[in-house]
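Structure first, commentary second.
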Protein chains: 2
Amino acid sequence: MASLFLSTFVNKVDRKGRVSVPAPFRLTLAGQSFNGIIAYRSFKLPALEAGGIDRMEEMSDRIDQLPEFSEDRDALSSILADAETLAFDGEGRIVLPETLCQHAGITETAAFVGRGRTFQVWEPQRFQAHQQEMRERARRQGTTLPARSAGPAAEAPR
Amino acid sequence: MASLFLSTFVNKVDRKGRVSVPAPFRLTLAGQSFNGIIAYRSFKLPALEAGGIDRMEEMSDRIDQLPEFSEDRDALSSILADAETLAFDGEGRIVLPETLCQHAGITETAAFVGRGRTFQVWEPQRFQAHQQEMRERARRQGTTLPARSAGPAAEAPR
DNA sequence: CCATAAAATCCCATGCTATCCCATCTTATC
DNA sequence: GATAAGATGGGATAGCATGGGATTTTATGG
């Protein structure tokens with residue numbers, strides 16, 4: 001199956017702070033050791049970074065390999081401190097904690113944004129603006145992927 | 001061998017937004033981990049870029065290699081956020097979501113345009129106009145293909 | 001240590017929509 | 001002109017997002 005988080009889904013946040021994680025995302029997460037997601041506040045964006053527990057374990061390992069008292073290590077470790085483990089209820093929903101909602105400006109609805117091996121959670125309006133900006137940039141700069149074998153890129157030139 | 005998407009096929013879009021993916025294209029996609037296609041809005045053209053899931057996984061992996069918080073990464077990830085996973089039904093059809101149809105101006109019919117490792121989906125009229133323009137340009141400028149030795153098959157010349 | 005309130009979790013009910021399934025029609029092939 | 005593969009249409013169905021109430025857990029004060 002598609003092991004990637006793709007596409008964008010907007011779901012409602014109910015009075016209790018619950019949101020359905022999109023079914024396709026839950027499918028991508030299926031079989032992991034923790035039945036839910038991990039989310040933390042993005043450093044540079046008004047959004048949440050999220051993924052499965054395996055991804056977080058991998059990140060922890062990477063941090064562990066940094067020099068014991070380096071700045072990078074401290075900075076990245078703060079992610080671990082910030083990260084919330086959000087378990088699914090019987091219907092595949094999670095509860096978004098206040099702190100996370102505030103950081104992302106989420107109130108009524110939440111946009112789940114696929115990013116391949118991870119995903120983000122946005123306030124839908126903000127995401128749309130951001131997305132548009134990114135598309136502009138990509139179009140203008142003709143940003144390219146790091147070369148690998150034969151890679152006809154995403155976009156053919158005109 | 002049918003590993004390439006070749007030729008152009010025009011199919012009807014029914015009331016529910018369904019279109020048959022041309023049988024030859026389905027054959028090219030056969031055996032992939034996801035039974036369907038991935039499609040996203042072209043940056044530069046009023047058309048959809050499409051391909052199989054393997055292609056998207058490869059793209060995701062390459063993006064994953066970019067610095068964690070870089071601008072380029074954000075820009076390219078917007079493709080992943082935009083990409084829709086469109087599964088085949090029992091008859092080999094997909095449903096084209098509204099957003100994609102709007103971007104490409106698709107209403108009644110859709111043209112599936114082979115591009116080798118990927119394909120595009122166009123509103124037929126628009127494609128014809130575009131195609132003509134491209135051919136004109138090629139004739140005027142005497143466009144040539146890069147020599148075989150030069151790099152992997154690549155990008156079409158401008 | 002117990003009692004009570006608050007909050008988080010579980011459980012069931014509902015409406016909508018995407019998907020499945022079958023039936024029909026068209027086109028290419030022999 | 002007969003047959004098979006592909007394209008198209010539409011009704012039925014199951015899955016999903018959502019909402020509300022019931023129950024358990026946690027916090028707080030006596």
Side-chain angles (χ1 to χ4, degrees), chain A residues 1-2 5-31 34-39 50 83-102 106-114 119 121-124 127, chain B residues 2 5-30 34-39 50 53 83-102 106-114 119 121-124:
Chain A
M1 244 325 263
F5 299 103
L6 292 176
S7 188
T8 298
F9 303 86
V10 175
N11 284 338
K12 257 191 173 177
V13 179
D14 71 15
R15 202 171 317 168
K16 299 179 182 177
R18 295 177 302 186
V19 214
S20 283
V21 173
F25 283 20
R26 297 199 309 256
L27 223 127
T28 300
L29 292 165
F34 167 65
N35 190 232
I37 72 170
I38 315 290
E84 305 258 7
T85 64
L86 310 176
F88 292 142
D89 69 7
E91 283 71 41
R93 289 174 291 194
I94 55 170
V95 177
L96 285 179
E98 253 309 295
T99 46
L100 297 190
C101 283
Q102 278 186 1
I106 292 169
T107 57
E108 307 275 294
T109 53
F112 290 78
V113 179
F119 60 95
V121 187
W122 286 75
E123 194 287 314
F127 172 66
Chain B
F5 299 104
L6 295 175
S7 186
T8 297
F9 304 86
V10 176
N11 284 338
K12 253 192 172 176
V13 179
D14 71 15
R15 201 172 319 169
K16 296 180 180 175
R18 294 178 302 187
V19 214
S20 283
V21 173
F25 283 21
R26 297 202 307 259
L27 217 116
T28 300
L29 292 164
F34 167 66
N35 190 233
I37 73 170
I38 315 290
I53 184 70
E84 303 264 3
T85 65
L86 310 176
F88 292 142
D89 68 8
E91 284 71 42
R93 288 173 292 193
I94 55 169
V95 177
L96 285 179
E98 254 308 296
T99 46
L100 297 191
C101 284
Q102 278 186 1
I106 291 168
T107 55
E108 307 277 295
T109 53
F112 291 79
V113 180
F119 61 94
V121 187
W122 286 76
E123 194 286 315

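Predicted, not measured: the structure shown is a model, and the values here were computed from it. By convention in this document, chain letters (A, B, ...) are assigned in the order of the sequence lines, proteins followed by strands, and residues within each chain are numbered from 1.
- Taking CD1 from B:Ile53 and CG from B:Asn35, the interatomic distance works out to 11.5 Å, rounded to the nearest 0.5 Å.
- Axis angle, first five pairs versus last five pairs of the helix from C:dC1-D:dG30 to C:dC30-D:dG1: 40°, rounded to 10°.
- A nucleotide of DNA chain C counts as in contact with chain B when one of its atoms lies under 4.0 Å from a heavy atom; the first and last such, 5' to 3', are C:dT19 to C:dC22.
- Residues A:Phe5 and A:Leu29 have side chains in contact (heavy-atom distance under 4.5 Å, counting atoms from C-beta outward).
- For A:Thr109, the side-chain contact (heavy atoms from CB on, under 4.5 Å) partners two or more places apart in sequence, or in a different chain, are A:Val10, A:Lys12, A:Pro124.
- For B:Glu123, the side-chain contact (heavy atoms from CB on, under 4.5 Å) partners are B:Ile106, B:Gln125, B:Arg126, not counting sequence neighbours.
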Donor-acceptor contacts under 3.5 Å from residues 17-26 of chain B side chains, at least two apart:
{"residue": "B:Arg18", "atom": "NE", "partner": "B:Asp14", "partner atom": "OD2", "Å": "2.8"}
{"residue": "B:Arg18", "atom": "NH2", "partner": "B:Asp14", "partner atom": "OD2", "Å": "3.0"}
{"residue": "B:Arg26", "atom": "NH1", "partner": "B:Val21", "partner atom": "O", "Å": "2.7"}

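- Distance CG (B:Asp89) to C1' (D:dG11): 14 Å, rounded to an integer number of Å.
- Scanning all heavy atoms of the two residues, the minimum distance from B:Ala110 to B:Val121 falls at CB-CG1, 4.0 Å.
- By the 4.5 Å heavy-atom criterion applied to side chains, A:Phe88 and A:Ile37 are counted as neighbours.
- Under the side chain to side chain donor-acceptor pair (under 3.5 Å) criterion, B:Glu98 pairs with B:Gln102, sequence neighbours left out.
- The shortest side-chain heavy-atom distance between B:Pro97 and B:Leu86 falls under the 4.5 Å cut-off.
- The OG1 atom of A:Thr85 sits 10.5 Å away from atom CD1 of A:Ile94, with the distance rounded to the nearest 0.5 Å.
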Counting primed atoms, P, OP1 and OP2 as sugar-phosphate and everything else as base, the B/S/- map of nucleotides 15-20 of chain D against protein heavy atoms under 4.0 Å is -SSBBB

